[in-house]
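Right, one structure below, let's go through it.
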Amino acid sequence: MAPVSVVSPATFRYIREEIKGNPAIFVDIFNIVLPILYFLTVGTYGRAFFSDALWAKQLKTKLLSITVTLHAVYLIARTAAFDHPPVTTIFEIFSVLAFSVAATYLFIEVRSHRKETGYFIINIAFFFQTASSIFIRDINQVPEILRSNLFGIHVTAALLGYAAITIAGAYGFLYLMLYHEMKASRFGVIYKKLPNLETLERMTMTATRMAFVLLGTAIVFGLVWLYHVFSTLYFADPKLIGTVLIWALYGIILAARRSSGWKGRKVMMLSIVGFAVSIFSLTIINIFFSGFHKFY
Amino acid sequence: MNLVCVGISHHTAPLETRERLWFSDQEVRTALPRAIQTLGTEAVLYSTCNRTELYALAIDPAAAVEPMKQFLLAQKGVAGTVPPEQLFVHTGSDAVDHLFRVASGIDSMVLGDVQILAQVRVGYQTAVEQGTAGLFMNRLFQLASRVGKRARTETTIGEGAVSVSYAAVELAERIFDGLRAKTALVIGAGETAELTAKHLQGREIGKLIVTNRTFEKANALAQNVGGTAVPFDQWMEHLPAVDIVISSVEVSRYVLMAADVARLQKIRRTDGPLFLIDIGVPRNLDPEIRSLENVFLYDLDTLNQMVAENLQKRGEQIPKVESIIGEVLKELVEWYGSLEVNPTIGALTEMMERIRSEELARHINRFEQKDRELAELVTKRIVNKILHSPIVNLRNGHSRPVAERLQRMHAIRELFGLSHGTRNDDDDA
């Protein structure tokens, strides 16, 4: 998974040794520090976007790099402290999702040198991490059925898929903001700073294609793992139904754009709908419905 | 400070006067050595469509003003026809301040003009090539270049379109990711349509189609901008392949209705949005088009409003630019006060030591082992004794007039073939 690529095995072993003595305190400190760091990063990106502050322009990418690195350390520390990857409860997943979104954005920024959308994307990471830090619980025991390679691929693909959905939704939202500003002949900061409409649409569609492939992978490996563990398929799980519906929705977006020429505003609105339904599936269904995706 | 600037600009003279004082590159190259002979120790001259300015480092600035005016007029042979009062004069730090304002674009006719910095740099480079820019002008124009660069990176003085034609192209760039794969249709061959077409060509538009009621005019414009002319009764046929429409014809009714565009959207062969600019009066395109999805229509009022807002925003940046000018001006004044005797002494000492060590190395084998250390010592002493007097005189010259100090350093640098420090630092280039 992503944290492993950021921190070397030697560092991982070092962190593990360091926190063995008192894992709770180490992880708790990060729990408080991370939302603060994301808040500062969002603030810096906001100052650079809205008021052109030179210090903010110079500082923002460095601050984001520090935040993402510390977030990776936190996820590894958490894995080491509680002896399982932080993907077994909704608020653990929120933290991984925040990391995935922030790290993916950082990668895009460094590769493309386009820094204008950071404020909007990192706001999402800030939201997920804050929710995670407030509600996360420390769990030491993980059901044995979750310790499987198939399950690992399923979760990794699902999380990356959700990160792609989040980024598609965010770029779709930015597209609509710029679209409406230009339609209304308002030439303010949104008009001046955001990438052009075609670029935003292309970024949304790239993220959408990735989301479709990754969610498809997650569904397939999830079903194979389910069959492997329970020897029977259980299709009534609300989360499974939700994910299949989201996957179908993204398939419709891609097919509609290719065959019937849907483009621009309509497609961007669908990507936002897809994001909203995904978050609904990830949170509300997990909290209010029972099923095999609710383990605790 | 012994700097004098004499010139003419849009602030002081009309175009017909300015064009009589415009110097071509060859005329600048001819005038500069003459300026050195008659006016001062260093000189830079540059000429653009809006200004001609001569900078000279004079022994006596007050006495140099009139000769500089007469020099400019005489070089162009307009002494009797251009009133000298239309020439402006700046001396000392005012002249530096003026140059920095020019380089930053806040003295330009179009506030924040980006081309002027390049023109100032060309003027300075010409003076370097003609050998009329020395220690002082090198420093002055490097700092002017820095002011211009900082004004563009640290403020938004050059941002936002300030002409209707450029505003149209800027809007297109906020919609499309580059124009290389796009097709534009220009309806009409008037001045604004032509300017817009040229801007599109400058942005490497993929294909440009021009149409006009008078086909010859369409053809002439198409040839001018590297486009294709089509007869006025056939332009509709090209619409399905078009991404951008610029319309500027005199018509009594709309040339394109909302219903036409709605139908067009269904048969368009291109994937992206449709962008329409209506710069005709009365309007050429049905305003209802604006309500259609993925279609962007802007008229002259919108473009004028954009230009006015951008000019106002550029104006708000002037205090920030003036603050940068103040900082750099202070740096120049401090440098001028100290006159940096030390770099000249350093360069001289380094050159002598290089000659000494090279010569010694070449002949060292002729000395016996026991004498080599002595040879090293003796040659060092000789060099030190030769340099002693010039170094002492340079250091003690601090109390002498500034121009004389500069002349002394020039003389030493000329005599010993030391460079004038025409370095191109990253931050100054």
Side-chain angles (χ1 to χ4, degrees), chain A residues 47-58 108 112-117 171-172 174-206 254 256-270, chain B residues 150 153-157 159-161 167 169-182 203 243 265-278 287 289-310 312-313 316-317 320 323-324:
Chain A
R47 279 302 296 271
F49 186 84
F50 291 106
S51 65
D52 270 321
L54 188 64
W55 67 265
K57 284 181 181 175
Q58 290 167 343
I108 292 169
S112 67
H113 300 289
R114 302 205 74 142
K115 304 184 176 192
E116 306 92 342
T117 54
Y171 281 123
L174 294 179
Y175 179 99
L176 289 183
M177 277 209 310
L178 180 58
Y179 179 93
H180 286 294
E181 290 286 296
M182 290 195 69
K183 273 282 194 185
S185 298
R186 281 193 298 265
F187 306 114
V189 69
I190 299 292
Y191 166 80
K192 285 198 164 60
K193 297 287 182 66
L194 285 185
N196 55 62
L197 286 174
E198 273 195 343
T199 300
L200 287 171
E201 185 172 3
R202 197 180 60 244
M203 286 166 137
T204 309
M205 292 318 296
T206 304
L254 293 171
R257 196 172 191 281
R258 184 175 279 265
S259 60
S260 61
W262 270 32
K263 57 197 169 192
R265 190 170 152 269
K266 271 184 202 160
V267 179
M268 297 303 113
M269 285 185 80
L270 275 179
Chain B
R150 282 186 62 188
T153 53
E154 294 176 26
T155 77
T156 53
I157 191 74
E159 286 184 13
V169 177
E170 189 187 272
L171 273 165
E173 288 183 322
R174 304 304 298 126
I175 292 173
F176 301 113
D177 184 19
L179 302 180
R180 284 183 182 183
K182 305 297 172 194
R203 288 288 191 275
D243 305 281
Q265 283 294 76
K266 289 174 188 157
I267 56 163
R268 278 184 71 213
R269 293 199 287 273
T270 59
D271 201 26
L274 181 63
F275 173 60
L276 304 122
I277 290 284
D278 183 354
I289 292 171
R290 209 170 269 129
S291 62
L292 296 171
E293 207 160 281
N294 291 325
V295 179
F296 296 88
L297 166 65
Y298 300 97
D299 59 23
L300 200 55
D301 266 4
T302 314
L303 298 176
N304 279 329
Q305 176 207 334
M306 269 184 86
V307 168
E309 282 176 11
N310 287 338
Q312 190 196 337
K313 280 175 188 155
E316 288 164 6
Q317 296 296 307
K320 283 187 187 173
S323 163
I324 293 170

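Side-chain atoms are counted along with the backbone in the values below, which use heavy atoms only and exclude waters and symmetry mates. First the proteins, then the strands, lettered A, B, ... as listed; each starts at 1.
- In B/R180, the CZ atom is not crowded: 12 or fewer heavy atoms of neighbouring residues, nucleotides or ligands sit closer than 6.0 Å.
- Of all the heavy atoms in B/N294 and A/R265, the pair that sits closest is OD1-N, 3.4 Å.
- Comparing B/L171, B/T302, B/N310 by heavy-atom pairs within less than 4.5 Å of chain A, the highest count is held by B/L171.
- Both the backbone and the side chain of A/K266 come within contact range of chain B, each with at least one heavy atom under 4.5 Å from a heavy atom of that chain.
- Side-chain contact between A/F187 and B/E170 is absent, with no heavy atoms from C-beta onward closer than 4.5 Å.
- For chain A, the nearby part of B/Y298 is the side chain; its heavy atoms alone come within less than 4.5 Å.
- Using a 4.5 Å cut-off between heavy atoms, A/L178 touches chain B through its side chain atoms alone.
- No part of B/L303 comes within reach of chain A, as not one of its non-hydrogen atoms sits under 4.5 angstrom from that chain.
- There is no contact between B/L297 and chain A, counting heavy-atom distances below 4.5 Å.
- When all heavy atoms are compared, the tightest approach of B/E173 to A/N196 is O-CB, 3.3 Å.
- Closest approach of B/L292 to A/Y179, counting heavy atoms only: O-OH, 4.4 Å.
- B/K182 has a carboxylate O that lies under 4.0 Å from a charged side-chain N of A/E198, or vice versa, which qualifies the two as a salt bridge.
- Only the side chain of B/K313 comes within contact range of chain A, with heavy atoms under 4.5 Å apart.
- Heavy-atom minimum distance, B/D177 versus A/R202: OD2-NH1, 2.6 Å.
- Proximity to chain A is limited to the backbone of B/S291, based on heavy atoms less than 4.5 angstrom apart.
- Heavy-atom distances place no part of B/E159 under 4.5 Å from chain A, backbone and side chain included.
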